[in-house]
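Naming convention: chains lettered A, B, ... in sequence-line order (proteins, then strands); numbering from 1 in each chain. Please read these numbers as outputs of a predicted model, since none were measured by experiment.
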Number of protein chains: 2
Amino acid sequence: MVGAVLEATVEELARVGFGGLSTEAVATRAGVNKTTVYRRWPTRGELVRAALLEFQARVFEDADTGTLRGDLLELLRGVRVQLGTARGRGVTLALMADDPHVRQLARSTRRVAVESSLTVLDRAARRGELPDDVDRALLLDVLFGPLEQKMVIEGLTVDDAWLERLVDLVLRAVLQPAVTNPARAAPKRRARS
Amino acid sequence: MVGAVLEATVEELARVGFGGLSTEAVATRAGVNKTTVYRRWPTRGELVRAALLEFQARVFEDADTGTLRGDLLELLRGVRVQLGTARGRGVTLALMADDPHVRQLARSTRRVAVESSLTVLDRAARRGELPDDVDRALLLDVLFGPLEQKMVIEGLTVDDAWLERLVDLVLRAVLQPAVTNPARAAPKRRARS
DNA sequence: CAACATCGCAACTTTTTGTTGCGATAATGT
DNA sequence: ACATTATCGCAACAAAAAGTTGCGATGTTG
């Protein structure tokens with residue numbers, strides 16, 4: 001019963017967002033009387049908090065394909081699967097609410113995800129696949145940012161080819177030294193031609 | 001009067017989201033009686049639609065700094081300013097609602113923004129700053145994705161140094177030929193070491 | 001099988017949401 | 001200047017949603 005309600009909660013979160021969440025709608029969707037929900041979670045905030053804790057983005061079982069490219073693709077695919085479900089999208093949208101408890105949850109969730117990703121980068125660095133001078137936080141931003149923007153903000157889906165082009169683009173930037181071709185590169189200073 | 005209400009609407013949208021929007025709260029915030037709001041915009045959807053049309057992301061006056069790097073930075077700074085205001089964040093969040101009218105608005109808004117950005121890329125290509133074989137859509141995804149993720153999804157702000165590092169990273173990827181250093185580059189096929 | 005806990009259900013109160021009628025005020029046109 | 005028209009605020013109302021309570025049914029535990 002508890003499981004059905006929390007499940008219904010994230011589905012409703014995906015549909016109407018945190019602000020529009022109605023306890024009765026959750027109860028109905030869960031096939032349960034509203035009093036049952038009210039009794040166990042007196043306020044909307046507690047219900048949402050419980051649901052988020054339950055379905056908090058499962059930590060990616062940081063895939064180990066043997067290559068940085070493969071590992072990053074696996075990470076992105078994991079996020080894509082998450083965000084492709086009503087559950088995952090609901091959780092993500094709910095985590096954007098500016099309720100204090102929720103924001104704290106959001107931070108901790110994100111921290112776990114980032115650390116999991118950094119593990120992959122560490123392994124790559126040990127293999128010599130990743131130079132030490134690359135900004136790893138920025139690297140993750142550039143990888144996950146576009147994916148989350150597409151799926152969460154724009155509500156679209158992406159195919160595997162897009163993910164590969166994304167990873168290849170980013171790796172091209174990271175794995176090469178600074179721009180050296182003066183004919184193509186933009187001058188760093190002195191704007192206005 | 002109309003202006004105050006629409007302004008209050010986007011502020012409320014930023015605060016509670018589309019689902020949680022209350023006409024009375026909007027009226028109060030606008031310093032207006034609720035009947036005034038109800039008479040002009042009978043439904044919540046019409047009110048939101050009007051507010052979004054009014055404050056729709058102003059089309060960036062595509063800055064022309066003379067360099068691709070400078071132009072991209074200006075575009076990103078424009079987005080940062082937009083998303084840094086309650087208005088801009090409210091509009092963006094509202095555009096994520098899955099109301100059919102709203103989604104249509106979202107599409108058209110986004111189309112305008114993308115075309116404006118493509119203008120910058122076209123100019124750069126004519127100057128010879130941008131190879132013809134780069135995926136321009138992906139380029140924009142990789143630039144705006146991380147920024148929107150940080151500001152909209154995570155609710156953070158970014159400083160100018162971050163924007164510069166972002167642009168430089170992306171340009172490094174775009175302005176250089178494919179990876180050629182076999183010692184560093186990950187093999188394209190044959191995963192699992 | 002007795003004690004306890006959990007749920008559904010219906011009736012209820014409270015709060016929020018949306019509607020209507022009317023008087024005050026100000027803009028518009030002749 | 002004066003009648004007409006439109007717009008707003010206000011209070012009173014109606015309708016719907018949110019939240020509460022008491023109780024009987026069912027099921028679980030020891």
Side-chain angles (χ1 to χ4, degrees), chain A residues 1-55 86 90-91 93-103 105, chain B residues 1-55 86 90-91 93-103 105:
Chain A
M1 190 263 111
V2 173
V5 170
L6 298 182
E7 174 86 30
T9 300
V10 287
E11 285 168 3
E12 277 294 293
L13 282 173
R15 202 173 60 84
V16 296
F18 182 83
L21 190 77
S22 134
T23 303
E24 273 201 83
V26 169
T28 302
R29 176 183 284 261
V32 154
N33 196 278
K34 64 174 176 172
T35 50
T36 303
V37 180
Y38 275 121
R39 278 195 271 249
R40 194 176 300 260
W41 304 278
T43 73
R44 212 178 48 175
E46 299 179 48
L47 175 60
V48 170
R49 178 181 164 78
L52 293 186
L53 278 175
E54 178 80 7
F55 294 110
V91 169
L93 290 178
L95 287 176
M96 296 171 57
D98 64 351
D99 179 279
H101 299 279
V102 169
R103 289 210 79 75
L105 252 177
Chain B
M1 191 267 112
V2 173
V5 170
L6 298 183
E7 174 85 32
T9 300
V10 286
E11 285 169 1
E12 278 293 294
L13 282 174
R15 204 173 59 83
V16 296
F18 182 83
L21 190 78
S22 133
T23 305
E24 273 201 84
V26 169
T28 302
R29 177 184 284 260
V32 156
N33 196 281
K34 64 172 178 172
T35 50
T36 304
V37 179
Y38 274 121
R39 278 194 271 250
R40 194 175 299 258
W41 303 279
T43 73
R44 214 177 48 173
E46 297 180 51
L47 174 60
V48 170
R49 178 182 163 80
L52 293 186
L53 278 175
E54 178 81 5
F55 296 109
V91 169
L93 289 178
L95 287 176
M96 295 171 57
D98 64 352
D99 179 280
H101 299 280
V102 169
R103 289 211 78 76
L105 253 176

How close or far is atom [atom2] of [N] from atom [atom1] of [X], stated in whole angstroms?
X: A/W41; N: C/dT6; atom1: CH2; atom2: P; result: 12 Å
X: A/K34; N: C/dA10; atom1: NZ; atom2: P; result: 12 Å
X: A/N33; N: D/dT20; atom1: CG; atom2: P; result: 14 Å
X: B/E12; N: C/dT17; atom1: CD; atom2: P; result: 11 Å
X: B/E24; N: C/dT15; atom1: CD; atom2: C1'; result: 10 Å
X: B/R40; N: D/dA6; atom1: CZ; atom2: P; result: 13 Å
X: A/Y38; N: C/dT14; atom1: OH; atom2: C1'; result: 12 Å
X: A/L21; N: D/dA18; atom1: CG; atom2: C1'; result: 12 Å

Problem set entry | Donor/acceptor link under 3.5 angstrom from A/R39 side chain onto base of D/dG19 | no
Exercise. Is there a donor N/O on one and an acceptor N/O on the other, under 3.5 Å, for the side chain of B/R44 and the base of C/dG18?
Worked result: no
Exercise. B/V26 versus B/W41: any side-chain heavy-atom pair under 4.5 Å?
Worked result: no
For this session: Would you check if A/V48 and A/L13 make a side-chain contact, meaning some heavy-atom pair closer than 4.5 Å?
Result: yes
Problem set entry | Side-chain N,O (B/T35) to OP1/OP2 (D/dG9) below 4.0 Å | no
Exercise. Are OP1 or OP2 of C/dG8 and a side-chain N or O of A/T36 less than 4.0 angstrom apart?
Worked result: yes
Seminar exercise, completed: A/A27 and A/V37 have their tightest heavy-atom pair at CB-CG2, 3.7 Å
Exercise. From A/E12 CD over to A/T23 OG1, what is the distance, rounded to the nearest 0.5 angstrom?
Worked result: 10.0 Å
Exercise. When we call it a touch if two heavy atoms are under 4.0 Å apart, what does A/S22 touch: a base, just sugar-phosphate, or nothing?
Worked result: sugar-phosphate
